[in-house]
There are 2 protein chains.
Amino acid sequence: MQFGCKYTWYFINRNNVALYILVIMKTIRNTASKTAILELITHSEVALSHVEIQKLTGDLCDRVTIYRVLERLINEDLIHKIATPDGTVKYASCHHHHDNHHHIHNHVHFSCEKCLSVTCLDSVEPSYKIPDNYLVKEVNFTLSGLCPKCI
Amino acid sequence: MQFGCKYTWYFINRNNVALYILVIMKTIRNTASKTAILELITHSEVALSHVEIQKLTGDLCDRVTIYRVLERLINEDLIHKIATPDGTVKYASCHHHHDNHHHIHNHVHFSCEKCLSVTCLDSVEPSYKIPDNYLVKEVNFTLSGLCPKCI
DNA sequence: TTGCTTAATGCAATTTGGTTGCAAATATAC
DNA sequence: GTATATTTGCAACCAAATTGCATTAAGCAA
């Protein structure tokens, strides 16, 4: 069998049933839009919304492309999505402050109600207790109020 | 001066300027839509979105009315708004578990990534430390993963 | 370098979520 | 019951996000 893209065959034998699994590997491409948007987010002090990215990139690319690039960057684990308490979606770069014991992704953010900025608080480590019939995979901790600049 | 609704006059004297302030008291009315929507939210195990409320109420009222009723219920402090990690807005009834020391409104929720349900975790009390150049007014703590039903 | 394959983009159209203005309906006080 | 202001329904509007499809271009191999 021949394919133009990269692929691998896996073989497993389960319950006397032979399975050949074809894994097609999608090659991720680097484009001008993608690198520019990632640059913007990683160099920004605060988390950025789609409209903010659109204004900052100007006519670099279509707004639909921005959506698709953001989606890809999330899949590649280069950025993460933040929802502010009012439901606005923002994007920030990942710093990978994982909980070493349980490999839980921690997101600690501060959302200023005055200037509407969202900042990652990498130094803050929240602690909590939860009934063990829940499986926690991600911790999303958003504090809101006034940031140092607006206080 | 005469008004059909309730009102009070306040008088203050500040910097040699006399101010008469008229405070008009809006009377809140109970309607079929309002009671039905509040019933729905208070009796629901999980937080509900606008579309979910719309489906559950059927043709009880217009979708605009739902928005306006929800807004009023929030103002009356009977329900509160929750933003899930992906940016979806949901509504749940208030249980008033305030932080006794700082009078900060605590919102602790669990968001299931499989059934997309959002539940209030009233028993969980997160602890944290934050640089004191921030003024924290509200704490929004959302854990995500798998809920007991989906585990 | 050239050509091939498939990922990524642009554009238009569409869907979804939420808001606003205004006339009509209705809850509450008297 | 009547008066009055609140609430509702409807239509229109707006912004945010998604989808389909033809076109463009990134990256691999020869």
Side-chain angles (χ1 to χ4, degrees), chain A residues 1-8 22-38 47-76 78-79 81-91 116 118, chain B residues 1-8 22-38 47-76 78-79 81-91 116 118:
Chain A
M1 221 184 287
Q2 279 292 344
F3 292 96
C5 59
K6 290 202 177 182
Y7 65 96
T8 341
L22 173 63
V23 178
I24 295 182
M25 281 166 281
K26 181 165 170 163
T27 53
I28 297 163
R29 292 178 188 176
N30 288 316
T31 61
S33 306
K34 190 182 158 188
T35 37
I37 291 169
L38 183 57
L48 299 172
S49 67
H50 176 268
V51 270
E52 287 166 335
I53 294 167
Q54 203 181 338
K55 277 175 193 160
L56 289 165
T57 49
D59 55 353
L60 170 77
C61 62
D62 193 77
R63 37 180 262 103
V64 183
T65 304
I66 298 176
Y67 281 115
R68 295 197 260 226
V69 166
L70 290 170
E71 196 186 14
R72 259 182 293 150
L73 291 172
I74 289 169
N75 284 337
E76 291 179 54
L78 293 170
I79 63 168
K81 204 175 179 177
I82 309 167
T84 57
D86 61 302
T88 317
V89 174
K90 303 217 170 191
Y91 303 88
L116 300 177
V118 175
Chain B
M1 220 184 289
Q2 279 292 345
F3 291 97
C5 58
K6 292 203 176 181
Y7 65 96
T8 340
L22 173 63
V23 177
I24 295 181
M25 280 166 283
K26 182 165 172 165
T27 53
I28 298 162
R29 291 181 187 174
N30 289 315
T31 62
S33 305
K34 191 182 157 187
T35 36
I37 291 168
L38 183 57
L48 300 171
S49 67
H50 176 268
V51 269
E52 287 166 335
I53 294 167
Q54 202 179 339
K55 277 175 192 159
L56 288 165
T57 49
D59 55 355
L60 170 77
C61 63
D62 194 78
R63 43 184 243 101
V64 183
T65 304
I66 298 176
Y67 280 115
R68 295 196 261 225
V69 165
L70 290 169
E71 197 186 14
R72 260 182 292 150
L73 291 172
I74 289 169
N75 285 337
E76 291 179 56
L78 293 170
I79 62 167
K81 204 176 178 175
I82 309 167
T84 58
D86 62 302
T88 316
V89 174
K90 302 217 170 190
Y91 303 88
L116 301 176
V118 175

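To find a chain, count down the sequence lines: A is the first, B the second, and so on, and within it residues start at 1.
One can place CG of D86(A) at 17 Å from P of dG17(C), the figure rounded to the nearest angstrom. When the P atom of dG17(C) is taken as reference, atom NZ of K90(B) falls 12 Å away, rounded to whole Å. Across the protein-nucleic acid pair, I66(B) atom CD1 and dT7(D) atom C1' stand 14 Å apart, rounded to whole Å. For the pair L73(B) CG and dT7(D) C1', the computed distance is 13 Å after rounding to whole Å. Atom C1' of nucleotide dT8(D) and atom CD of E71(B) are separated by 14 Å, given to the nearest angstrom. Summarising the geometry, the separation between CD on E52(B) and P on dT16(C) is reported as 15 Å, rounded to the nearest angstrom. Taking atom CG on L70(A) and atom C1' on dT18(D), their separation rounds to 14 Å, with Å as the unit. In this structure, N75(A) places its CG atom 14 Å from P of dA7(C), rounding to the nearest Å.
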Produce the list of close N/O pairs, under 3.5 Å, pairing protein atoms with atoms of nucleotides 9-14 of chain D; give distances to one decimal.
from: dG9(D); atom 1: OP2; to: D62(B); atom 2: N; distance (Å): 2.9
from: dG9(D); atom 1: OP2; to: T65(B); atom 2: OG1; distance (Å): 2.5
from: dG9(D); atom 1: N7; to: R68(B); atom 2: NH2; distance (Å): 3.1
from: dG9(D); atom 1: O6; to: R68(B); atom 2: NH2; distance (Å): 2.8

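Between the OG1 atom of T35(B) and the CG atom of L73(B) there is a distance of 9.5 Å, given to the nearest 0.5 Å. A distance of 6.5 Å separates CG of L48(A) from CG of L56(A), quoted to the nearest 0.5 Å. Remark: I74(A) CD1 to R72(A) CZ distance equals 12.0 Å, nearest 0.5 Å. Considering CG of L38(B) and OG of S33(B), their distance stands at 12.5 Å, rounded to 0.5 Å. Between the OH atom of Y91(B) and the CD1 atom of I53(B) there is a distance of 7.0 Å, given to the nearest 0.5 Å.
Side-chain N/O atoms of K34(B) include none lying less than 4.0 angstrom from OP1 or OP2 on dT8(D).
Note on the helix from dT1(C)-dA30(D) to dC30(C)-dG1(D): terminal axis deviation equals 40°, with five pairs used at each end and the result rounded to 10°.
At distances below 3.5 Å, not a single donor-acceptor pair connects side-chain atoms of T57(A) with backbone N or O atoms of L60(A).
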Checklist line | Residues K90(A), E52(A); criterion side chain to side chain contact (heavy atoms under 4.5 Å, CB included); working and verdict | finding: CA-CA 9 Å; K90(A) 303 217 170 191; E52(A) 287 166 335; 3.8 Å; yes

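The side chain to side chain donor-acceptor pair (under 3.5 Å) search around K34(A) returns N30(A), E76(A), not counting sequence neighbours. Here N75(B) pairs with nothing under the side chain to side chain donor-acceptor pair (under 3.5 Å) rule; sequence neighbours left out.
Nearest heavy-atom pair across V89(B) and D86(A) is CG2-O, 4.1 Å.
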List, one per line, each side-chain donor-acceptor pair under 3.5 Å for residues 61-68 of chain A, sequence neighbours excluded.
from: D62(A); atom 1: OD2; to: V64(A); atom 2: N; distance (Å): 3.0

Checklist line | Per-nucleotide protein contact string for nucleotides 22-27 of chain D (B base, S sugar-phosphate only, - none; heavy atom under 4.0 Å) | finding: ---BBS

